[in-house]
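This report concerns only the one structure given below.
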Amino acid sequence: MAAVLRKLIQGRLPALAGVLCRRSGNEGHLFLNSSGSTLMQPRCGYSSPTESVIVEMDKATGVALLKLNIPPVNSLSLPLLTELAIVLDKLEMDKHCRGLILTSAVPNIFSAGLNLFDMMDKPNEHYSEFWRAVQEIWIKLYGSSLANIAAINGSSPAGGCLLALCSDYRIMANNPHFTIGLNETRLGIVAPFWFKDTLLNTVGKRTTEISLNLGALYSPTEALSLHLVDRLVPETQLLSAATEEMGRWLQVPDHARQITKSMIRKSTLEGLLNQREADIKNFVEFISRDSIQKSLQFYAQSLQKQKQHIHPPSSSCRQQISSVTFARSPWYSLIQRS
Ligand SMILES: CCCC/C=C/CC(=O)SCCNC(=O)CCNC(=O)[C@H](O)C(C)(C)COP(=O)(O)OP(=O)(O)OC[C@H]1O[C@@H](n2cnc3c(N)ncnc32)[C@H](O)[C@@H]1OP(=O)(O)O
């Protein structure tokens with residue numbers, strides 16, 4: 001455990017490192033940043049200038065309710081990811097904040113996942129910046145020291161599902177029209193190894209094999225049976241159920257819960273932290289391919305024109321994404337290695 005703590009403080013797991021310093025008896029607002037230097041942090045206040053991330057802080061309980069608020073579908077665009085990262089940092093460093101409930105302010109949608117248009121027809125520099133922001137959110141959420149509960153009040157495909165998977169506990173509204181899952185293969189793209197690892201850690205190997213390969217999206221009842229979510233409640237009771245569940249998590253002393261969480265998630269986090277730049281390079285190389293661009297364009301157009309729910313690309317589109325494309329892809333070999 002000493003080695004774990006040392007690595008944390010060296011900045012290998014920045015979010016947890018900040019907290020361990022903060023929770024270990026420092027009365028003021030001194031924290032270590034990821035390079036080990038001290039920072040002065042504000043006591044409170046996380047208003048998001050564009051209101052795309054709404055934060056309601058309950059000072060009595062130390063629980064922040066964070067609502068994604070980018071209609072129509074809370075797609076995770078570069079500006080939203082950037083804003084979310086700032087909000088998460090502020091919550092992490094607020095010594096009064098102990099828990100985070102993540103939900104959506106958009107009816108029927110938790111999050112549609114990554115913004116397709118950030119992955120289409122852009123220069124490589126944009127892809128690189130975008131992917132770094134995606135990584136950043138995963139590192140902050142999966143490595144968060146806060147007790148983190150997802151109140152999933154709508155559909156949650158791909159990156160939306162990943163956000164929920166980063167939580168410590170997932171409660172979903174029991175509406176059969178909602179779906180959740182990592183459906184990347186259906187778009188002709190491949191979920192990176194750390195998406196896969198996050199799913200694997202939650203539902204186990206066999207379910208990961210089936211759901212990732214098929215790009216499966218599950219109804220709330222199916223998701224519960226696979227332990228993709230932990231509990232279903234009627235939509236009207238979602239927030240009260242999340243608040244009640246948070247009470248259970250906050251009964252545990254913070255330091256004990258945080259160190260335990262770190263032990264469980266550390267190796268998965270390090271999987272990405274140790275190769276962030278290579279992961280970005282692989283993403284840029286993969287996403288900028290003509291065949292992948294065509295596949296994404298086809299998918300985005302079908303969403304826009306037909307207003308349909310998830311469906312696979314047509315056979316003509318599938319032909320463009322041959323198995324050779326994936327076999328040669330660094331993403332493929334990354335998945336093979338991990
Ligand atoms: C290569 C390495 C791996 C990269 C990893 C990627 C992970 C990802 O997250 S990829 C993104 C995957 N996301 C999806 O497949 C979700 C697609 N969207 C939907 O299935 C549906 O929109 C919905 C179930 C979320 C909601 O359905 P609903 O009927 O309510 O709304 P729509 O009419 O379909 O959509 C409204 C509007 O929003 C646009 N839109 C939907 N999803 C996205 C998105 N992910 N990015 C950008 N824009 C999106 C949709 O085109 C509609 O636009 P218009 O109003 O202009 O037609």
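As the structure lists them, so they are numbered: ligands from 1, and atoms in each ligand from 1.
- Annotation: Asn183 places an N or O atom under 3.5 Å from an N or O atom of ligand 1; distance criterion only.
- At a 3.5 angstrom cut-off on N or O pairs, Gly159 counts as close to ligand 1.
- For ligand 1, the atoms closer than 4.0 angstrom to any heavy atom of Phe117 are 47 (C), 48 (N).
- Side chains of Asn153 and Thr103: a donor-acceptor N/O pair is present below 3.5 angstrom, by distance only.
- The shortest side-chain heavy-atom distance between Gln275 and Phe193 falls under the 4.5 Å cut-off.
- In this comparison of Ile109, Leu162, Ile189, the heavy atom closest to atom 23 (C) of ligand 1 sits on Ile109.
- For Val190, every heavy-atom contact with ligand 1 shorter than 4.0 Å involves the backbone, none the side chain.
- The parts of Leu114 lying near ligand 1 are both backbone and side chain, judged by heavy-atom distances below 4.0 Å.
- Contacts between Ile292 and ligand 1 below 4.0 angstrom, taking non-hydrogen atoms only, are absent altogether.
- Looking at residues two or more places apart in sequence or on another chain, you find a side-chain contact (heavy atoms from CB on, under 4.5 Å) between Pro234 and Thr236, Gln237.
- Considering both main-chain and side-chain atoms, Tyr299 comes within under 3.5 Å of ligand 1 through a nitrogen or oxygen pair.
- For Glu270 and Lys266, the salt-bridge test passes: some basic side-chain N is under 4.0 Å from an acidic carboxylate O.
- Side-chain contact annotation: Ser167 with Asn148, donor-acceptor N/O pair under 3.5 Å present.
- Under a 4.0 Å N-O distance rule, the pair Glu245/Arg170 does not qualify as a salt bridge.
- Listed by number with element, the atoms of ligand 1 under 4.0 Å from a non-hydrogen atom of Ala158 are 7 (C), 8 (C), 9 (O), 12 (C).
- For atom 22 (O) of ligand 1, the nearest non-hydrogen atom from the set Leu182, Val284, Val73 comes from Val73.
- Close contacts of ligand 1 with Phe286, meaning ligand atoms under 4.0 Å from a residue heavy atom, involve 1 (C).
- In terms of N/O distances under 3.5 Å, ligand 1 is approached by Ala112.
- Atoms of ligand 1 found under 4.0 Å from any heavy atom of Ile287 (numbered from 1 in listed order, with element): 1 (C).
- Taking the six-membered ring where the residue is Trp, the centroids of Trp131 and Trp138 are separated by 6.0 Å or more.
- For Leu116, heavy-atom contacts with ligand 1 shorter than 4.0 Å involve the backbone as well as the side chain.
- Which parts of ligand 1 touch Met119 is read off a 4.0 Å heavy-atom cut-off, strictly below it: atoms 10 (S).
- The existence of a salt bridge linking Arg265 and Asp168 is confirmed by a sub-4.0 Å separation between a basic side-chain nitrogen and an acidic carboxylate oxygen.
- Near Gly113, meaning under 4.0 Å from any of its heavy atoms, are these atoms of ligand 1: 9 (O).
- No donor-acceptor distance shorter than 3.5 angstrom exists from the side chain of Ser262 to the backbone of Gln258, with no hydrogens or angles considered.
- Short contacts between ligand 1 and Pro157, defined as distances under 4.0 Å to a heavy atom of the residue, involve ligand atoms 16 (C).
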Mind running side-chain hydrogen bond (donor to acceptor under 3.5 Å, both in side chains) on Glu92 and Ser144 for me, showing each step along the way?
CA-CA 7 Å; Glu92 199 70 52; Ser144 172; 3.1 Å; yes
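- For Thr208, the side-chain contact (heavy atoms from CB on, under 4.5 Å) test picks out Lys196, Leu199, Leu200, Val203, Leu212, with sequence neighbours left out.
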